[in-house]
Number of protein chains: 2
Amino acid sequence: MDLGGSGEELVAALAQLVRFVRQVSTAGGLSTAASSLLNRLSREGPQRLTELARADGVSQPAMTQMVTRMEREGLVRRTSSTDDRRGVLVGVTDAGVDLVGRRRAEQAEALQALIARLDPDEQKAVVTALPALARAIEAQTSA
Amino acid sequence: MDLGGSGEELVAALAQLVRFVRQVSTAGGLSTAASSLLNRLSREGPQRLTELARADGVSQPAMTQMVTRMEREGLVRRTSSTDDRRGVLVGVTDAGVDLVGRRRAEQAEALQALIARLDPDEQKAVVTALPALARAIEAQTSA
DNA sequence: TATTGTTATACTCTATAACTATA
DNA sequence: TATAGTTATAGAGTATAACAATA
């Protein structure tokens, strides 16, 4: 398929979309990185620190510090692993679950407001395109 | 239009897309913030520091430091404004222009590889949806 | 010896407050 | 007095290297 200008217009559009999400995401006082961790934990349950670092593509010390900061804020909790005494299980607290829910609602609302400005055809394209791209990323990443 | 689940599936897809772009964008050793500045300067020409800070939604000191770091790396250049001696004009260097071009090509290639995995209908949807969303953001931001 | 996690250190990116120089 | 920019300081988020504890 011809993407026109080597897809550079699409890259520019995507960059703008990224900036938009970042601005919306910041509302609620949670960074992209913290948000990503909290979302993963509330979606997949408690996990090992090493596993979280690998999943986020971040170093182990970086994840240690992120968990420490978020534990200080009462959003996650460390539990010692029962079977391997070296290990640590990180889980989300009730406050963390609450925050995830509130942020998800905020973001969905912002995206809906954006989509509401589009023509019906464009709206349909968005509903098709976004999940399709997400699936493609998943397929490419696991390959 | 019904977005299904209050658009939360779309938000999740968008988050994944954001993560993907961030990873691709990092290749080349330039952060999102630095990349944004370099792109703006090479797109719109030399600008005042205050103007750049406002355009990126960032504080004036943050932009001062960003420009200082990038000047140290030879990507941008400060010039004293002729008409207002308080002012500073920030412009991109030849090395900066080169880097912008290389990164744009890399990103376009990554996005094309992703799109190539999609069905023709989905590909068409992406080409429609991304620019449409970018336009909506522009319209909303300037409103 | 290998793995899990932490600590030490350093860099980028961000903010607010205080300051200098020009208008 | 107001505006443009910088400096001072602090915090989040990141990395690599060195370390402790467990396997």
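Values below: every heavy atom of this structure, side chains too, minus hydrogens, waters and symmetry copies.
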Below 4.0 Å: OP1/OP2 of C:dT12 and any side-chain N or O of B:Ser31: no
Separation of D:dA4 P from B:Asp83 CG (nearest whole Å): 12 Å
Nearest-nucleotide 5' precedence on DNA chain D, B:Gln60 against A:Asp84: B:Gln60
DNA chain D: 5'-proximal contact among A:Gly57 and A:Arg72 (nearest heavy atom): A:Arg72
Whole-Å distance separating the CZ atom of B:Arg85 from the P atom of C:dT22: 6 Å
N or O in side chain of B:Thr64 less than 4.0 angstrom from D:dT6 OP1/OP2: yes
Side chain to side chain, B:Thr128 and A:Thr128, heavy atoms closer than 4.5 Å: no
Below 4.0 Å: OP1/OP2 of D:dT6 and any side-chain N or O of B:Arg78: yes
Gap between atoms CG and C1', on A:Leu30 and D:dG13 respectively (whole Å): 13 Å
B:Arg86 side chain, from C-beta outward: closest of D:dA4, D:dG13, C:dT14: D:dA4
Inter-end axis angle, the helix from C:dT1-D:dA23 to C:dA23-D:dT1, with every axis fitted to five base pairs (rounded, 10 degrees): 20°
Where B:Leu41 and B:Val90 come nearest, the two heavy atoms and their spacing: CD2-O, 3.4 Å
Presence of A:Ser59 side-chain N/O under 4.0 Å of D:dT14 phosphate oxygens OP1/OP2: no
Backbone N/O of B:Ile115 and side chain of B:Gln123: donor-acceptor pair under 3.5 Å: yes
Spacing between B:Met66 atom CE and C:dC11 atom P, to the nearest angstrom: 16 Å
Between P of D:dT16 and CE of A:Met63, the distance in whole Å: 15 Å
Main-chain N/O of A:Leu75 paired with A:Thr93 side-chain donor or acceptor, under 3.5 Å: yes
Closest to side chain of B:Pro61, choosing from D:dT22, D:dA12, C:dT16: C:dT16
Out of C:dG5, C:dT14, D:dA15, whichever nucleotide has its closest atom nearest the side chain of A:Val88: C:dG5
Any residue of residues 36-55 of chain B with a heavy atom less than 4.0 Å from an atom of DNA chain D: B:Arg48, B:Leu49, B:Thr50
Expected output: side-chain B:Asp119 to main-chain B:Asp121 donor-acceptor under 3.5 Å: no
Atom pair distance, as rounded to whole Å: CD in A:Gln65 and P in C:dT7: 9 Å
Working for side-chain contact (heavy atoms from CB on, under 4.5 Å), residues A:Arg104 and A:Ser42: CA-CA 12 Å; A:Arg104 237 198 292 267; A:Ser42 74; 4.1 Å; yes
Taking every non-hydrogen atom, the tightest pair across B:Ser36 and B:Asp56: OG-OD1, 3.1 Å
Closest non-hydrogen atom pair between A:Leu52 and A:Met63, with its separation: O-CE, 3.6 Å
Closest listed nucleotide, where the reference is the side chain of A:Arg69 and the choices are C:dA15, D:dA15, D:dA12: D:dA12
Closest non-hydrogen atom pair, A:Thr64 against A:Arg78: O-NH2, 3.3 Å
Carboxylate-amine/guanidinium contact A:Arg103 A:Glu106, below 4.0 Å: no
